[in-house]
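Values below: all heavy atoms of this structure, side chains included; hydrogens, waters and symmetry mates excluded.
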Amino acid sequence: MTGGGARRAESMSYREAMREAMREALAADERVFLMGEDVGRYGGAFGVSLGLVEEFGPERVRDTPLSESGFVGAGIGAAIAGLRPIVEIMTVNFSLLALDQILNNAATLLHMSGGQVAVPLVIRMTTGAGRQLAAQHSHSLEAFYAHIPGIRVLAPATVADARWMLAPALADPDPVIVFEHGSLYNGTDNTADDPGPVDLDSAAVRRPGTDVSLVTYGGSLGKALAAAEQLAAQDQVDAEVVDLRSLRPLDDATVIGSVRRTHRAVIVDEGWRSGGLSAEVAARITEQAFYDLDAPVERACGAEVPVPYAAQLEQAALPQVPDIVAAALRAVG
Amino acid sequence: MTGGGARRAESMSYREAMREAMREALAADERVFLMGEDVGRYGGAFGVSLGLVEEFGPERVRDTPLSESGFVGAGIGAAIAGLRPIVEIMTVNFSLLALDQILNNAATLLHMSGGQVAVPLVIRMTTGAGRQLAAQHSHSLEAFYAHIPGIRVLAPATVADARWMLAPALADPDPVIVFEHGSLYNGTDNTADDPGPVDLDSAAVRRPGTDVSLVTYGGSLGKALAAAEQLAAQDQVDAEVVDLRSLRPLDDATVIGSVRRTHRAVIVDEGWRSGGLSAEVAARITEQAFYDLDAPVERACGAEVPVPYAAQLEQAALPQVPDIVAAALRAVG
Amino acid sequence: MSPRRTAAAPTAARGRTRARSRSGPAAQAAHRRDLLREMVRIRQFEERCVELYSSGEVRGFVHLCIGEEAVSAGVLGALGPEDAVVSTYREHGHALARGIPAESVFAEMLGRVTGCSRGRGGSMHLFDVSRRFYGGHGIVAGGLPVAAGLALADRIRGQEQVTCCLFGDGALAEGEFHETANLAALWDLPLLLACENNLYAMGTALNREHAQTDLVARAASYGLVAWEVDGMDVLAVERAVARAARAIRDGTGPVFLELRTYRFRAHSMYDPDRYRDKAEVERWKERDPIQVLSTRMRAEDGLDDKALAAVEKEVSEELATALDHARQGGTEPVEDLLRFVYSPAGGSS
Amino acid sequence: MSPRRTAAAPTAARGRTRARSRSGPAAQAAHRRDLLREMVRIRQFEERCVELYSSGEVRGFVHLCIGEEAVSAGVLGALGPEDAVVSTYREHGHALARGIPAESVFAEMLGRVTGCSRGRGGSMHLFDVSRRFYGGHGIVAGGLPVAAGLALADRIRGQEQVTCCLFGDGALAEGEFHETANLAALWDLPLLLACENNLYAMGTALNREHAQTDLVARAASYGLVAWEVDGMDVLAVERAVARAARAIRDGTGPVFLELRTYRFRAHSMYDPDRYRDKAEVERWKERDPIQVLSTRMRAEDGLDDKALAAVEKEVSEELATALDHARQGGTEPVEDLLRFVYSPAGGSS
Ligand SMILES: Cc1ncc(C[n+]2csc(CCOP(=O)(O)OP(=O)(O)O)c2C)c(N)n1
Ligand SMILES: Cc1ncc(C[n+]2csc(CCOP(=O)(O)OP(=O)(O)O)c2C)c(N)n1
Ligand SMILES: [Mg+2]
Ligand SMILES: [Mg+2]
């Protein structure tokens, strides 16, 4: 706690960091407004926007009815008209109701209009499992969005990224989807001083290592780091942990660079394995670093099942530290 | 033309084969009914169900309003109640409006209910580009569906598969999605005699070869076969062509078996490259046949762009025979 | 309380099986006692859930229906066993009133394999196909098209069954409500659309969800027979549903009922309930459905504190036993995680 | 023809800019000549499209508005340049009446880089942001939420502009219509919902799409000001839109207009039109919007065959020249395929 102002290093929760980023954006640019179900009076389903409606009023922190397709489409229109909407969809599970608007309009209009209709829209949504919310509230569908040309997809995994990724996302002239893993909100960390312009295209090496690259993002970063510590402590394996940060575009340079050094890779992805983001990352590594690989790329992913409620089943459905360690040992073994 | 009855070998179009399969199902099982926009009076947007309403009446060949989420959900409910609905969605582009029903209900209810609620539903939809229909009518979103646990995804690429895959799909106790590439409807071929029970889990080797495996499905099968002929004629490369047929589950045995023989693979997929089905197939090949591979797996995919209207741009956006040939030569080169 | 479209509305208010057996005053008093008992049972069940959630035995999102018991007891009480029910995540009361044993609902919330969904669903996803209770849906309005499909099957097979879909006022804003209402009216489906209007969708009040807050007018615009009901009066709810169900069986087509009610608790155990005026909550508590019925029974049936206490004791003993048994239920082995992703016969993977 | 909700409806029918300049009888006659010319122009443009499609010069899906010209000329004629327009795939007439040069619409359909969408959109996706014409949407009802957003931006910025969204009768069945209508009424958006009711959605007749075929009643149930208009009478359409636009500018909130019209041709060039009774089509042709106006002009403005022929000749020459120029347009080099997937400044990939 340096105790300084909003732009100085501060220890805060991921939730507070995202809120602070929105407060900053609302204060700095009158074109910015937040819209979504219960973002106002209620404070956001996960409390991220708590207090913002009191500060900025109901026009700029706008509660919407339960109409995901309608208000996401309205965000697209408002962006086309020159505003800078931040649209919150409570969870990625509900975002399927708005996927037509996101794919067929937000991602498509610029190209289909021959470059005339830009859509500077930011859509935030919670993703992921781990809180026993069962199938209809626990999925990780990032893979759907990372497949869509015309949009950018971000997955802030640290408090600092939660704090500093929103501004550049709002500055992007094209649609940006931001995934916030529900298990991250309560985690606190130092946001670091204002890093100035943040690069949205780059992955980050969160832990340098020499023996194997653990490539992950979002809610799985903590597990990958824990696995790396265990590998170092128990198996004398020095794992490098790469946080993708951006799911579209993927930062091939950082990922491939890491694998060129370690010659082994494990992709850690909470999403379903078949056709998940893990498949694209694995495919790119073998395409671009085939002759540098000493072993096939391993994947530690979510089980291919609708996430169940019961604690032991839910935990078994998600990639856990032991799964990551085992995959890394297979890779180096 | 052997001129025999419906169950004898006949030369017919892919459209007629699919229609014949539906007619057969409607005649054989009173629980079966067809529902979708303009499947009745109009005869289906692409004429697939032409004549069926006259034969089976408007209750069993049911026109629906423009309500994709509504009538797909109604199909789910009718299936739960014991009927065997065939729901037609005009094109995969519009299916996004029903994706919530398909993922959160059709694919999820059986597991989420602890095995109580089975959904024996078949959903047919047209997919793909090549007819200058522009972005909102040309996408190949099979990757979205192949990512979803709880459903089966089929891509009949031949007239025979169009004719014979529907019956086993209707016999499946779980949801089945059938993708019909729009460019296939007019192609005619011999349906072959009734093969009896058709295996939905297996891929098919459409052309045996020894030098490289071209793995594809649906609308790209013809291009892969043409590329194989050209490779044989011009480059003395003997390509094996594998038709996936089933996109979920994937038939690893057939694909990996082929690659073990040829030591090289090219995935041909009209879908967008990043996060497409091609990524999963490539990832599985390198996971399961890493030490058999003599070269990195190549991918010839759709360009990452909303498919444009202009002929030269649309053609450039799709994987073409020269692209497949070039990829194959890179693999063997 | 009378139908907006009297033309299309059924003339006499007749319940089904139960109703017939409800001829004499004595039988009616007994029936009222059943309804009271059911509401007390649901209330006490929900109060147990609060404890179980606080103690951490129950996890995830838990949505209580305290204050809305008349809807559960009245709607489900007026349906027959052959009818189908599709509900929401706020369905404990619906499930109990449908006859799903408290033990298997508790077990489900505890994540036990003995739960009504084998512990895979939890509080939001209670299922019991043997009782034609088709969940337990967590996607707001997501159950509506499915319910239309269940009704469509009955329509196609000419079965005289009703499918009752329960949903909230917030669900009306979703496109799924619109598409389902039109399909139901267009195809004349034997569907009862039971809207549990508790005036809020999470923290959003009715007039900030809907431009037209007269939900009956909205529903009628699809050509649905529609009327509103005092959702705090279990007898009114039961009468209305019996009447609607009869009309549907008689071929009137789908019916929409707006059941005016209120939740006394927050939206979910997770919700601090910052958005409601405490005075408003207190005003509604004066119309507590258990009070409303017991007051009447004190007047008409000579119900007294002793009798009421007896009912409460009976119920609390039943629930205590149910919870004990539920706690003894085993858990699904993790080896069976993938079981039921596909049907055994399906053999896909 | 008068608003259902007179309370909310504007009293006087006043157009905007054009209207002011339309004081004297002479000016009105001249204005009618403009409208006639526009309709003839759209009709001839569509007839050219038939030829171009048959010759294979134009590909893909092509949806003609022959028979619906009064909607194009009347709706777009009553809007100002500051207003925004969102349309469907059946938008050639809307685009032309909005002022997009025929040459760039032809060029778009020919897939030329000189087309209004650089050849990327084709017939279904005409765009011209300089004229606030925001497409050309191929997903039925997909343009509605976007139009609500354009209107929301004006509402937030306090701009006195109208966003006009054109859509068909079939679109009303989609959840997007429902969600948009509610948002528009709830947020008081300056949105004109212009429903082009041509009685069919592809091969599906109105009464097989909607249980309630009175679309005005449906729209009014959201709290929208709504009324129906004779869509074959361009003057009635123009009057209604001018009145609606003024009401919206005056803060009445969103307005829904049902424009009753009919397509004389099949749904698309691909459609054999098996589902309509030929006699029905013939009956509607007696109300051909060009006939309706020219008949009146013969009576009131002394229009004669010679003058009409002159207009037709003028227009056909304009279009011939436009098509010639369009054919000379270049094509986008395939190297630029990925251009515009992202904005230049965006730098994503
Ligand atoms: C499609 C969708 N959007 C949002 C949510 C989050 N959510 C759960 S309940 C709820 C409010 C629903 O209100 P209402 O329909 O009135 O039912 P109530 O909770 O009042 O019983 C919301 C917004 C969801 N589950 N599904
Ligand atoms: C979401 C969606 N579903 C289906 C289609 C296929 N389709 C294109 S136009 C059309 C009919 C639309 O009818 P209507 O809204 O009345 O407009 P019209 O064509 O009569 O002008 C259909 C079903 C589509 N383009 N989008
Ligand atoms: Mg509610
Ligand atoms: Mg129409």
Asker: Which answer fits Thr108(B), side chain, backbone, both or neither, if we ask what part of it has an atom under 4.5 Å from a heavy atom of chain C?
Answerer: neither
Asker: Quick one: what part of Glu68(B) sits under 4.5 Å from any heavy atom of chain C, side chain, backbone, both or neither?
Answerer: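 Backbone only.
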Asker: For chain B, find which of Leu183(C), Val113(C), Leu338(C) contributes the most heavy-atom pairs closer than 4.5 angstrom.
Answerer: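 Heavy-atom pairs under 4.5 Å are most numerous for Leu183(C).
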Asker: With heavy-atom distances below 4.5 Å as the criterion, would you say the side chains of Phe340(C) and Val117(B) are in contact?
Answerer: no
Asker: Give me the contact list for residues 162-181 of chain C versus chain B, heavy atoms only, anything under 4.5 Å, ordered by residue number.
Answerer: Glu176(C), Glu179(C)
Asker: Heavy atoms under 4.5 Å from chain C: which residues of residues 84-98 of chain B carry them?
Answerer: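 Within residues 84-98 of chain B, no residue comes under 4.5 Å of chain C, counting heavy atoms only.
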Asker: Can you tell me which portion of Arg62(B) sits under 4.5 Å from chain C's heavy atoms? Options are side chain, backbone, both or neither.
Answerer: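 It is the side chain, since no backbone atom gets that close.
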Asker: Does the His111(B) side chain pair with the main chain of Leu337(C), one donor and one acceptor, at a distance under 3.5 Å?
Answerer: yes
Asker: Does His137(C) form a side-chain contact (heavy atoms from CB on, under 4.5 Å) with Asn104(B)? I'd like the steps, not just the answer.
Answerer: CA-CA 9 Å; His137(C) 289 258; Asn104(B) 284 316; over 6 Å; no
Asker: Begin with the C-alpha distance, continue with both residues' side-chain angles, and end with the deciding distance and a verdict on side-chain contact (heavy atoms from CB on, under 4.5 Å) for Arg60(B) and Ile156(C).
Answerer: CA-CA 9 Å; Arg60(B) 297 191 63 204; Ile156(C) 289 174; 5.9 Å; no
Asker: Heavy-atom cut-off 4.5 Å, strictly under: side chain, backbone, both or neither for Leu150(C) against chain B?
Answerer: both
Asker: What's the shortest heavy-atom distance between Tyr342(C) and Ile151(B), and which atoms?
Answerer: OH-O, 2.6 Å
Asker: Does Glu55(B), at its CD atom, have more than 12 non-hydrogen atoms belonging to other residues, nucleotides or ligands within less than 6.0 Å?
Answerer: yes
Asker: Are side-chain heavy atoms of Trp187(C) and Pro65(B) found at a separation under 4.5 Å?
Answerer: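 Of all side-chain heavy-atom pairs linking Pro65(B) with Trp187(C), at least one is under 4.5 Å.
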Asker: Looking at Arg120(C), Arg155(C), Arg118(C), which one has more heavy-atom pairs under 4.5 Å with chain B than the rest?
Answerer: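 Highest number of pairs under 4.5 Å: Arg120(C).
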Asker: For Arg157(C), is it the side chain, the backbone, both, or neither that has a heavy atom closer than 4.5 Å to a heavy atom of chain B?
Answerer: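 Just its side chain gets close to chain B.
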Asker: Using only atom types and a distance under 3.5 Å, with no angle test, would you say the side chain of Gln116(B) pairs donor to acceptor with the backbone of Phe127(C)?
Answerer: yes
Asker: Between chain C and each of Ile76(B), Leu200(B), Leu110(B), count heavy-atom pairs under 4.5 Å; write down the option with the most.
Answerer: Leu110(B)
Asker: Roughly how far, to the nearest 0.5 Å, is OG of Ser113(B) from NE2 of His125(C)?
Answerer: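 His125(C) NE2 to Ser113(B) OG: 11.0 Å, rounded to 0.5 Å.
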Asker: Given side chains that start at C-beta, do those of Val72(B) and Pro145(C) come closer than 4.5 Å, heavy atoms only?
Answerer: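 The answer is no, as the side chains (C-beta and beyond) never meet within the 4.5 Å cut-off.
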Asker: Using a 4.5 angstrom heavy-atom cutoff, name the option from Gly73(B), Ala79(B), Pro149(B) with the most pairs to chain C.
Answerer: Gly73(B)
Asker: Can you tell which part of Ile148(B) gets under 4.5 Å to a heavy atom of chain C, answering side chain, backbone, both or neither?
Answerer: backbone
Asker: With a 3.5 Å distance limit and no angle check, can you tell me whether Asp100(B) reaches the backbone of Gly142(C) through a side-chain donor-acceptor pair?
Answerer: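 Checking the backbone N and O of Gly142(C) against the side chain of Asp100(B), no donor-acceptor pair under 3.5 Å is found.
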Asker: Is it the backbone or the side chain of Asn182(C) that comes under 4.5 Å from a heavy atom of chain B, or both, or neither?
Answerer: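 For Asn182(C), the side chain is the part near chain B, not the backbone.
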Asker: Can you tell me which portion of Leu126(C) sits under 4.5 Å from chain B's heavy atoms? Options are side chain, backbone, both or neither.
Answerer: neither
